[in-house]
Enquirer: 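Provided herewith is a single structure, encoded as C-alpha cells, for subsequent inquiry.
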Amino acid sequence: MRKFCQRKNTSLRNADVVIIGGGAAGFFTAINAAEKNPKQKIIILERGKEVLTKVKVSGGGRCNVTHAEFLPKELARNYPRGEKELLGPFHTFMTGDTIDWFAKRGVVLKIEEDGRMFPVSDSSQTIIDCFLTETKRLGVEVLLNQSVKEIQKVADSFVLTTSSERFYAKKIVVATGSNPKIWKLLEDLGHAIVPAVPSLFTFNVKDSRIIDLPGISTEASVKVLDAKGKTVLENNGPLLITHWGMSGPAILKLSAWGARLLAPLHYRFSIKVNWLNDLSEETVFEVFKELRITQGKQTIFKYAQFGLPKRLWQNLVKATGVNETLTWAEATREILQNLANQLTAGTFEVHGKSTFKEEFVTAGGVDLKEVNFKTFESRICKNLYFAGEVLNIDAITGGFNFQNAWTSGFIVAQNL
Ligand SMILES: Cc1cc2nc3c(=O)[nH]c(=O)nc-3n(C[C@H](O)[C@H](O)[C@H](O)COP(=O)(O)OP(=O)(O)OC[C@H]3O[C@@H](n4cnc5c(N)ncnc54)[C@H](O)[C@@H]3O)c2cc1C
C-alpha cells in the first residue's frame with residue numbers, strides 16, 4: 001500500500017538547484033546562492049518535519065557558531081580530517097567572514113574566554129530565525145517531509161525521488177550531514193565513502209582516584225597507550241572529571257584525533273595522565289626533596305601542592321599508599337619518587353565512551369580525494385556539490401564543525 005502511495009504522485013518539479021538537507025550547511029548554501037544569483041530557482045528538501053534541528057540543540061542550546069581563530073593555517077589545524085583540504089577554502093571564507101556575514105544580518109557574535117563564539121543572545125534560535133528570514137526574503141523554497149530516496153543522473157542533470165514527489169534539478173548540493181542512506185546513494189553514483197565512526201566523546205573511567213570528584217577540572221596532559229604501553233596519541237588542556245570518567249578539552253581532542261584508532265579497540269585502552277600538565281617526574285621529585293627541608297613538619301596529605309584541587313591531591317596521595325599523618329621530613333626517597341610518578345604518569349583504564357552532550361560529530365563520509373576543494377564539486381559526477389558534514393571532514397569541539405558548514409556552503413554557492 002505504501003509503495004502504491006509513493007508512486008502515485010509522479011509529477012516532476014523543476015529547479016535550477018536542489019539542496020538535499022535542511023541543516024546548517026544546506027541553509028547557508030541556499031542563502032548565499034540565492035544572493036549571488038537571485039534568478040536561480042532553489043529548493044531545499046528536508047526529510048524531517050523541522051529544519052535546523054542540530055543548530056537548535058548545538059552548544060547546549062546556545063550555538064557555538066565559530067571560533068576566534070583568524071589565521072587559515074591555525075584554523076585548519078583543528079580538523080583531524082580535512083586539515084589539508086580546508087586550508088585553501090579558508091582563504092576564501094573563514095572566521096572573520098562568518099562574523100561579518102551574521103553581523104550584516106543583525107546577528108552579533110561574542111567571543112568567550114576559550115575562543116568559542118556565540119550569538120550575544122546566547123540562543124541558537126537567533127541563528128535559526130536569521131536563516132528562516134533570509135530564505136523567505138530570497139524566495140528559497142523549503143520543503144519538509146521530503147526524504148530523498150533516489151538520485152538519478154540524467155545527462156548532466158538529476159532526477160530526485162523523495163517519499164512523495166520527484167524533482168528535476170540542473171545541479172544538486174548534498175548537505176545531509178552524516179547520513180548512511182545518502183552515502184549509499186552517493187556510492188551508487190561512483191563515490192567512495194570512508195566508513196563512519198564517532199568523534200568527540202568522553203572516556204568512561206572507573207577508578208578510586210577520581211570516583212568521588214565529579215566537577216573537578218585541572219590542566220593536564222593525557223597520553224593514549226597501545227597494548228605495549230607505547231604512547232600513540234597525546235594532548236593537553238583542561239581535564240574535567242565527570243560521574244562517568246573524564247571529559248574536557250584534553251579528552252575531547254584525543255577522542256577526535258583518535259576517532260579511527262580507538263573504534264577498533266572498542267574504546268578499551270589505557271591512558272597516562274600527567275595531572276601537572278607539563279611538569280616532569282624529575283622536576284616534581286626535586287620539588288618534593290625541597291619540601292622535605294622547607295616544610296618538613298607538614299603532613300603530605302593535608303596541603304595540596306602545585307595548585308592541584310585539594311581533593312584530587314588527597315586521592316592521588318592515598319593511591320600512592322602514603323599514610324595520612326606522614327610528614328615531608330618522614331617520607332623516604334622511594335615514597336617521594338612514587339608520588340611524583342603518580343602525579344605525572346598515573347595509568348588509568350578506559351572502559352568505553354559516553355556522548356559529549358554539547359557537541360558530537362561523525363568522522364567519515366565522502367572521500368576527500370574525490371572532491372574539488374576550489375568549488376566543492378564532485379570530481380566523479382558533474383554538477384553534484386557537497387557542503388558540511390556529509391564530507392569526511394570533522395573537527396575538535398569549539399565551533400569548528402559549523403565553520404566547515406559555513407565555508408563549504410559559501411564556496412558551493414559561489415560556484416553553482
Ligand atoms: C548535540 C550537538 C551539538 C553540537 N554543537 C555544535 C556547536 O555548538 N558548534 C559546532 O561547530 N558544531 C556543533 N555540532 C556539530 C554540528 O551540529 C554539525 O557539524 C553540523 O550540524 C553539520 O551541519 P550539516 O548541515 O552538514 O548537517 P546536519 O546539521 O546534520 O543537517 C543535515 C540535514 O539533512 C537532512 N537529511 C538527511 N538525510 C536526508 C535525506 N535523505 N533527504 C532529505 N534530508 C535529509 C537531515 O534531516 C538534517 O536536517 C553539534 C552536534 C551535535 C549533535
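Atoms considered below: every heavy atom in the structure, side chains included; atoms not considered: hydrogens, waters and symmetry mates. Indexing begins at 1, ligand by ligand and atom by atom, following the structure's order. Residue numbers count from 1 along this sequence.
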Enquirer: Mind jotting down which residue pairs meet the side chain to side chain donor-acceptor pair (under 3.5 Å) criterion with at least one end in residues 398-414? Sequence neighbours excluded, please.
Expert: Thr66-Gln403, Thr98-Gln403, Glu359-Asn401, Gln403-Thr407

Enquirer: Around ligand 1, what residues show up once you keep those with a heavy atom under 4.0 Å from it?
Expert: Ile20, Gly21, Gly22, Gly23, Ala24, Ala25, Leu45, Glu46, Arg47, Lys54, Val57, Ser58, Gly59, Asn64, Gln146, Ser147, Val148, Ala175, Thr176, Gly177, Asn179, Ile182, Lys357, Glu358, Glu359, Phe360, Val361, Gly388, Glu389, Gly399, Phe400, Asn401, Phe402

Enquirer: Determine whether the side chains of Thr375 and Tyr385 contain a donor N or O and an acceptor N or O closer than 3.5 Å.
Expert: no

Enquirer: Could you tell me whether the side chain of Gln314 reaches within less than 4.5 Å of the side chain of Glu324, counting heavy atoms only?
Expert: no

Enquirer: Going by atom type alone, with no hydrogens or angles, which donor-acceptor pairs under 3.5 Å involve a side-chain atom of residues 213-231 and a protein atom two or more places apart or on another chain?
Expert:
from: Asp226; atom 1: OD1; to: Lys228; atom 2: N; distance (Å): 2.9
from: Asp226; atom 1: OD1; to: Gly229; atom 2: N; distance (Å): 3.1
from: Asp226; atom 1: OD1; to: Lys230; atom 2: N; distance (Å): 2.8

Enquirer: Please name all residues satisfying salt bridge (charged side-chain N to carboxylate O under 4.0 Å, His left out) with Asp129, sequence neighbours left out, ordered by chain then number.
Expert: none

Enquirer: Check whether Glu46 reaches the backbone of Gly48 with its side chain - one donor and one acceptor, N or O, closer than 3.5 Å.
Expert: yes

